[in-house]
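Throughout, a chain's letter reflects where its sequence line sits, starting with A, and its residues are numbered from 1.
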There are 2 protein chains.
Amino acid sequence: MSVTLKDVAAYAGSGVSTVSVVLNGKGVDNRISEEMIKRIYDAAEHLNYRPNMLARNLRRGNTNIIGFVISDVSNPFFNKLAKHLEAEALKYGYQLFVVGSDEKDERCIEVINVFLSLKMDGLILAATAGIEKKIKQLRNHEVPFLLVDRYFPKIDTNYVVLNNWQAAYDATEHLIKKGKKRISTFSYETKFFHMDERMKGYKAALKDNGIRFNKKLVLKVPFLDIKEEDMKENVRFLVEDCNIDAIFFQTNRTAIPGIMALYELEYKIPDKVAIVCFDDNNFFKMLSPKITSLAQPIEEIAIESVRILIDEIKNKRVDKQKSKTMFSSRLIERESS
Amino acid sequence: MSVTLKDVAAYAGSGVSTVSVVLNGKGVDNRISEEMIKRIYDAAEHLNYRPNMLARNLRRGNTNIIGFVISDVSNPFFNKLAKHLEAEALKYGYQLFVVGSDEKDERCIEVINVFLSLKMDGLILAATAGIEKKIKQLRNHEVPFLLVDRYFPKIDTNYVVLNNWQAAYDATEHLIKKGKKRISTFSYETKFFHMDERMKGYKAALKDNGIRFNKKLVLKVPFLDIKEEDMKENVRFLVEDCNIDAIFFQTNRTAIPGIMALYELEYKIPDKVAIVCFDDNNFFKMLSPKITSLAQPIEEIAIESVRILIDEIKNKRVDKQKSKTMFSSRLIERESS
DNA sequence: ATGAAAGCGCTAACAC
DNA sequence: GTGTTAGCGCTTTCAT
């Protein structure tokens with residue numbers, strides 16, 4: 001096996017504890033002689049010693065690692081979030097370990113358990129829809145954790161999310177102001193609370209502008225497996241049979257096949273059908289026409305998430321008030337609306 | 001602190017080792033009485049026992065975790081790769097922990113060290129360009145590891161990469177067959193070996209088709225910070241002053257601002273300037289014209305990477321022959337060429 | 001100033 | 001069949 005403290009001690013001709021103290025930079029504090037300190041550093045370097053973190057963490061009871069359960073690594077929103085979380089965590093001296101749940105409840109729970117068993121100092125969760133029970137249970141554990149993007153309003157936890165209601169309201173009202181009257185919307189078949197909020201924002205904007213909500217214009221597609229064929233048929237149906245003049249895509253993953261369908265069916269954007277999409281994307285400004293979207297302040301979400309989590313890690317208090325933060329999205333008007 | 005084996009043993013009225021054996025599913029093998037087994041499971045459940053993996057891994061000397069050092073989580077190629085690696089690792093019963101290096105050498109080395117200290121069973125590295133020394137050193141450690149996408153041909157390691165030479169050759173020849181004669185190419189200012197290969201493939205295709213290589217038509221942009229302004233000026237220069245009729249973008253990250261520049265300068269694609277880009281992208285078929293690209297077999301790369309790594313983890317042999325795999329890309333012809 | 005020893009939670013060898 | 005115990009590599013208290 002690898003080089004241990006004992007090996008270094010033997011080589012330096014000292015006791016293990018002295019080596020431990022010195023290599024942790026507390027040599028001077030503990031009045032270890034300069035000569036001993038040098039001997040130990042030399043020995044460690046010569047033997048290429050690396051501390052075994054399993055042993056250290058076991059002993060110390062902490063790890064300096066934050067676990068991030070990401071719902072889908074290949075989702076642009078979440079991987080941008082991961083990138084910023086990573087950078088932020090690092091600023092506080094924490095490593096961010098990212099593990100994906102592949103949007104599956106069982107897997108999400110398993111990953112949480114793995115992080116728990118590994119005694120991660122804190123957890124950031126981009127949860128799946130059906131793990132309320134696990135989240136509740138997590139509150140009884142001793143781990144600080146925080147929900148990001150997706151949350152469970154009925155459970156008292158830390159969270160950092162978007163004001164989804166307002167975002168959807170803004171998008172819908174924007175379309176109305178552009179003179180659109182028959183505005184359709186695409187969402188998922190899912191139990192996510194934040195998707196309900198988006199739907200409510202859409203309805204509220206219609207109502208406030210004197211447009212009657214029409215259930216037929218709301219389409220929910222499968223959360224995991226969106227088929228291009230179905231999407232095309234959906235769009236065709238909305239335009240031909242329902243006579244819509246705009247679509248508010250509540251997510252990127254519905255928007256992309258949706259726009260593709262509009263292209264193939266050769267409906268003129270925005271004259272025949274105007275479009276607004278949730279979550280901005282690098283490519284939206286490269287499409288023709290350029291796509292209007294709702295951009296989330298991803299970096300701010302990351303900064304705030306890490307700040308709150310680290311705060312809870314440092315000031316361990318069980319009775320601590322949970323932190324609930326909501327950010328606003330920004331509507332980027334382009335040519336599709 | 002949390003519930004330990006000792007607590008479970010006390011509650012069940014048994015010894016710790018019996019609990020350990022039973023909870024590891026080896027109760028029947030070790031002829032523990034059915035009654036005892038039940039008592040232990042009940043106790044564990046009642047106390048909500050979770051094994052401490054730090055302790056277990058320390059004792060066992062392995063972790064069942066593979067560490068993946070990803071150069072950039074938000075790079076679509078790499079996060080698709082991460083997703084497939086994750087799925088594959090899981091099939092073998094391994095967790096994949098993803099940590100980003102942000103394309104920085106020091107950070108990449110640090111992450112490797114963290115994984116090493118945590119005694120990860122194996123490492124998959126999407127390395128940064130300047131860590132040859134670390135990779136060499138890694139061979140003296142006892143950890144199985146594998147380089148993916150980026151590799152160091154001079155160092156004898158496992159790797160799974162693309163045949164970059166061939167890919168670039170194909171792309172360039174494709175443009176030539178389309179009647180293009182003054183073909184420019186975009187690459188990075190970087191020491192990556194695989195980028196050299198791409199450049200060589202480009203040159204070889206020119207040569208084989210009787211076109212003289214023109215150094216002026218090769219542009220290298222900064223690896224980390226590609227400015228849209230500069231990109232626009234580069235493209236303008238190539239078209240106006242060098243009279244090019246095609247561009248082979250050697251990476252997505254150069255292609256996207258490059259195409260943007262072509263749009264803004266209103267050069268007709270493919271008539272005035274034809275385009276081929278390395279790495280396919282969901283959006284390429286949505287742009288107008290649709291972009292011709294070189295698609296990498298990401299899933300196969302992931303499958304093979306995990307297979308090779310796990311094989312080395314299972315059959316620990318120091319003298320093992322290193323595995324070197326090269327995949328071919330596929331040219332997807334669309335409208336931009 | 002430095003070292004010996006206990007113990008973090010677990011597993012596995014060995015008693016009984 | 002089941003329990004006792006050594007020890008994985010580290011940190012930390014307590015002697016000296």
Side-chain angles (χ1 to χ4, degrees), chain A residues 1-41 43-44 47-64 113-114 116-121 142, chain B residues 1-41 43-44 47-64 113-114 116-121 142:
Chain A
M1 270 298 278
S2 34
V3 184
T4 71
L5 266 193
K6 214 168 143 188
D7 300 325
V8 179
Y11 191 91
S14 71
V16 255
S17 59
T18 314
V19 179
S20 171
V21 165
V22 170
L23 294 184
N24 279 300
K26 297 175 199 151
V28 181
D29 287 11
N30 288 44
R31 298 183 245 187
I32 308 292
S33 68
E34 247 182 73
E35 189 224 326
M36 180 88 275
I37 293 185
K38 187 173 166 4
R39 268 222 317 277
I40 287 174
Y41 272 119
L47 297 173
N48 192 24
Y49 169 74
R50 313 216 146 278
N52 180 329
M53 290 298 177
L54 293 176
R56 175 186 294 194
N57 294 339
L58 173 61
R59 181 58 233 242
R60 284 194 182 160
N62 75 314
T63 56
N64 255 272
N113 286 337
V114 169
L116 249 28
S117 312
L118 246 13
K119 303 293 165 185
M120 300 286 164
D121 288 353
E142 62 293 338
Chain B
M1 270 296 280
S2 33
V3 184
T4 71
L5 266 194
K6 215 166 142 191
D7 300 324
V8 179
Y11 191 90
S14 72
V16 261
S17 62
T18 313
V19 178
S20 171
V21 165
V22 169
L23 294 184
N24 279 301
K26 297 174 199 152
V28 180
D29 286 12
N30 288 45
R31 300 184 244 185
I32 309 292
S33 69
E34 248 182 73
E35 190 224 325
M36 180 89 269
I37 293 184
K38 189 175 163 3
R39 269 224 315 277
I40 288 173
Y41 271 118
L47 298 172
N48 191 24
Y49 169 74
R50 313 218 144 274
N52 180 329
M53 290 298 178
L54 293 176
R56 178 192 295 210
N57 294 341
L58 174 61
R59 180 59 232 241
R60 283 196 182 157
N62 75 314
T63 56
N64 255 272
N113 286 337
V114 170
L116 250 28
S117 312
L118 246 12
K119 302 294 164 185
M120 299 286 164
D121 289 353
E142 62 295 336

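- Annotation for B/K119 and A/N52: closest pair CE-ND2, 3.7 Å, computed over non-hydrogen atoms.
- Comparing B/S14 and A/L5 against DNA chain D, the residue whose closest nucleotide sits nearer the 5' end is B/S14.
- Nucleic acid contact class of A/M53 (heavy atoms, under 4.0 Å, all strands): none.
- Of all non-hydrogen atoms in A/I37 and A/V28, the two that sit nearest each other are CD1-N, 4.0 Å.
- One axis for each end of the helix from C/dA1-D/dT16 to C/dC16-D/dG1, each built from five base pairs, and the angle between them comes to 50° at 10° resolution.
- Salt-bridge annotation for A/R39 and A/E35: present, with a side-chain N of the basic residue lying under 4.0 Å from a carboxylate O of the acidic one.
- Near DNA chain C, defined here as any heavy-atom distance below 4.0 Å, the residues from residues 17-29 of chain B are B/S17, B/S20, B/N24, B/K26, listed numerically.
- Put simply, NZ on B/K119 is 8 Å from P on D/dG9, counting in whole angstrom units.
- A/S117 places no side-chain N or O within donor-acceptor distance of the main-chain N or O of B/M53, the cut-off being under 3.5 Å.
- Inter-residue side-chain proximity for A/S14 and A/I40 is flagged as met; some heavy-atom pair is nearer than 4.5 Å.
- Formation of a donor-acceptor pair under 3.5 Å by the A/N24 side chain with backbone atoms of A/K26 is not found in this model.
- In this structure, A/K38 atom NZ and C/dA1 atom C1' are separated by 19 Å, rounded to whole Å.
- If B/I37 and B/L58 are placed on DNA chain D by their nearest nucleotide, the residue sitting closer to the 5' end is B/I37.
- Looking at every heavy atom in both residues, A/V3 comes nearest to A/Y49 through O-CD1, 3.5 Å.
- Taking atom NZ of B/K6 as the reference point, atom P of C/dC8 lies 6 Å away to the nearest angstrom.
- Comparing B/T4 and A/R59 against DNA chain C, the residue whose closest nucleotide sits nearer the 5' end is A/R59.
- Residue A/R39 contributes atom CZ, which lies 15 Å from atom P of C/dA1 at whole-angstrom precision.
- Separation of atoms CG (A/D7) and CG (A/N48) is listed at 12.0 Å; rounding is to 0.5 Å.
- Atom CZ in B/R50 sits roughly 16 Å away from atom P in C/dG9 (whole-Å rounding).
- For B/R60 and C/dT11, the shortest distance from a side-chain N or O to OP1 or OP2 is below 4.0 Å.
- The interatomic distance linking A/N30 (CG) with D/dT11 (P) rounds to 13 Å, in whole Å.
- Atom pair A/E34:CD and C/dA1:P shows a separation of 12 Å (rounding to whole Å applied).
- In this structure, A/Y11 places its OH atom where only 12 or fewer heavy-atom neighbours from other residues, nucleotides or ligands lie under 6.0 Å away.
- Remark: C1' of C/dT11 and CG of A/L54 are 14 Å apart, rounded to the nearest angstrom.
- Considering only the side chain of B/V16, D/dT5 comes nearest among C/dT2, D/dG9, D/dT5.
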